[in-house]
Peer 1: 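Take this structure, written in C-alpha cells, and hold onto it; I'll ask about it next.
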Amino acid sequence: MSTLNVNVVTPDGTVFEGDVEMVSVRAESGELGVLPGHIPLVAPLSVCAARLKHESKVQLVSVSGGFIEVRPDKVTILAEAAETPTKIDVERAREAKKRAEDRLNSAKQEEVDFKRAELALKRANTRLEVAGK
Ligand code: ATP
C-alpha cells in the first residue's frame with residue numbers, strides 16, 4: 001500500500017514523523033482527508049485531533065492550530081502546539097478546561113476574552129480526547 005511521509009512540527013521541535021496511509025485533520029474550511037497522491041495544498045487548521053492511519057492503527061495527535069502543507073507524497077503539519085497521547089498531562093488539561101469553562105460562564109464577557117476562552121476550551125477538550133479521557 002502506498003504511503004505518505006508525515007511530519008508534525010512545532011516551535012519546540014518534531015512531535016511525530018513517520019509513513020502513514022492516511023491523514024485526517026480539521027482545516028478551518030472543514031474536515032480534510034489526505035491520501036497518497038493528493039493535490040498540493042496549504043490550509044489553515046482548526047484545533048483538532050489529527051488522525052494518522054497506519055496498518056489499521058490510528059495515531060492521534062492533538063494539534064492547536066497552524067497549517068497543513070500537502071504534497072503528493074508528503075504532509076507537513078506546522079502547529080503552534082501538538083502532543084501525542086503519552087505527552088499529554090491530563091491533570092493540566094482538566095485544569096485548563098475548568099478555567100476556560102469558568103470564564104465562559106462568568107458574566108460580563110468581552111468578546112475577545114470569550115473567543116480566547118473558547119479556544120482554550122477546545123485545546124483542553126482535544127487534549128483530553130487524544131489522551132483517551
Ligand atoms: P495551559 O493553560 O495549561 O498552558 P494552553 O492550551 O494555554 O494550556 P498552549 O498555549 O496550547 O497551552 O501550549 C503551550 C505549551 O504547553 C505547548 O508546548 C503545549 O504542547 C504544552 N501543553 C499545553 N497543555 C498541555 C498538556 N495538557 N499536556 C502536555 N503539554 C501541554
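Quick note: residue numbers are just sequence positions, from 1. Just so you know, ligand 1 is whichever comes first in the structure, and atom 1 is the first atom listed for that ligand.
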Peer 1: Residue-level breakdown please: for Thr10 versus ligand 1, do any non-hydrogen atoms fall below 4.0 Å on the side chain, on the backbone, on both, or on neither?
Peer 2: neither
Peer 1: Should Arg116 and Arg103 count as side-chain neighbours, where that means a heavy-atom distance under 4.5 Å?
Peer 2: no
Peer 1: Do Asp19 and Val6 have side chains that approach each other closer than 4.5 Å (heavy atoms only, starting at C-beta)?
Peer 2: no
Peer 1: For atom 27 (N) of ligand 1, what's the nearest protein heavy-atom neighbour? Residue, atom name and distance, please.
Peer 2: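 The answer is Asp89 O, 2.9 Å.
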Peer 1: Which of the numbered atoms in ligand 1 are below 4.0 angstrom from a heavy atom of Ala93?
Peer 2: 27 (N)
Peer 1: May I ask you to list the atoms of ligand 1 that are less than 4.0 angstrom from any heavy atom of Ala81?
Peer 2: 17 (C), 19 (C), 20 (O)
Peer 1: Could you check if a side-chain atom of Val20 sits within less than 4.5 angstrom of a side-chain atom of Thr3, using non-hydrogen atoms only?
Peer 2: no
Peer 1: Applying a 4.0 Å heavy-atom criterion (strictly less than), which segment of Glu83 is in contact with ligand 1: side chain, backbone, both, or neither?
Peer 2: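 The side chain, only.
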Peer 1: I'd like the name of whichever of Arg92, Glu80, Glu91 reaches closest to atom 22 (N) of ligand 1 through any heavy atom.
Peer 2: Arg92
Peer 1: Before signing off on this row, confirm whether Ser64 and ligand 1 have an N or O atom pair separated by under 3.5 Å.
Peer 2: no
Peer 1: For Arg123, take its heavy atoms, then give the atoms of ligand 1 lying under 4.0 Å from any of them.
Peer 2: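 Counting from 1, the qualifying ligand atoms are 5 (P), 6 (O), 7 (O), 11 (O).
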Peer 1: Atoms of ligand 1 less than 4.0 Å from Ile88 heavy atoms?
Peer 2: 28 (N), 29 (C)
Peer 1: Considering only heavy atoms of Asp12, which atoms of ligand 1 have at least one such atom less than 4.0 Å away?
Peer 2: 18 (O)
Peer 1: Would the distance check show the side chain of Arg51 and the main-chain N or O of Gln59 forming a donor-acceptor pair, the cut-off being under 3.5 Å?
Peer 2: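 Side chain of Arg51 to backbone of Gln59, a donor-acceptor pair under 3.5 Å: no, none is there.
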Peer 1: Are Ser62 and Glu83 close enough that a side-chain donor and a side-chain acceptor fall under 3.5 Å?
Peer 2: yes
Peer 1: Taking Thr14 for the side chain and Phe16 for the main chain, is one N or O donor matched with an acceptor at less than 3.5 Å?
Peer 2: no
Peer 1: Under a 3.5 Å cutoff, is there a donor and acceptor pairing between the side chains of His54 and Glu21?
Peer 2: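 Distance-only check passes for His54 and Glu21.
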Peer 1: For the pair Asp89 (side chain) and Glu91 (backbone), establish whether a donor and an acceptor sit closer than 3.5 Å, ignoring hydrogens and angles.
Peer 2: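 Yes; at least one donor-acceptor contact below 3.5 Å.
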Peer 1: Taking only heavy atoms of Arg99 into account, list the atoms of ligand 1 that are under 4.0 Å away from them.
Peer 2: 1 (P), 2 (O), 3 (O)
Peer 1: Tell me, do Leu52 and Val61 make a side-chain contact under 4.5 Å, heavy atoms counted?
Peer 2: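 Result yes, sub-4.5 Å side-chain heavy-atom pair found.
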Peer 1: Show me which atoms of ligand 1 lie under 4.0 Å from any heavy atom of Lys87.
Peer 2: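 This gives 28 (N), 29 (C) as the contact atoms.
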Peer 1: Minimum distance, heavy atoms only, to atom 9 (P) of ligand 1: which one of Arg127, Lys97, Arg94 is it?
Peer 2: Arg127
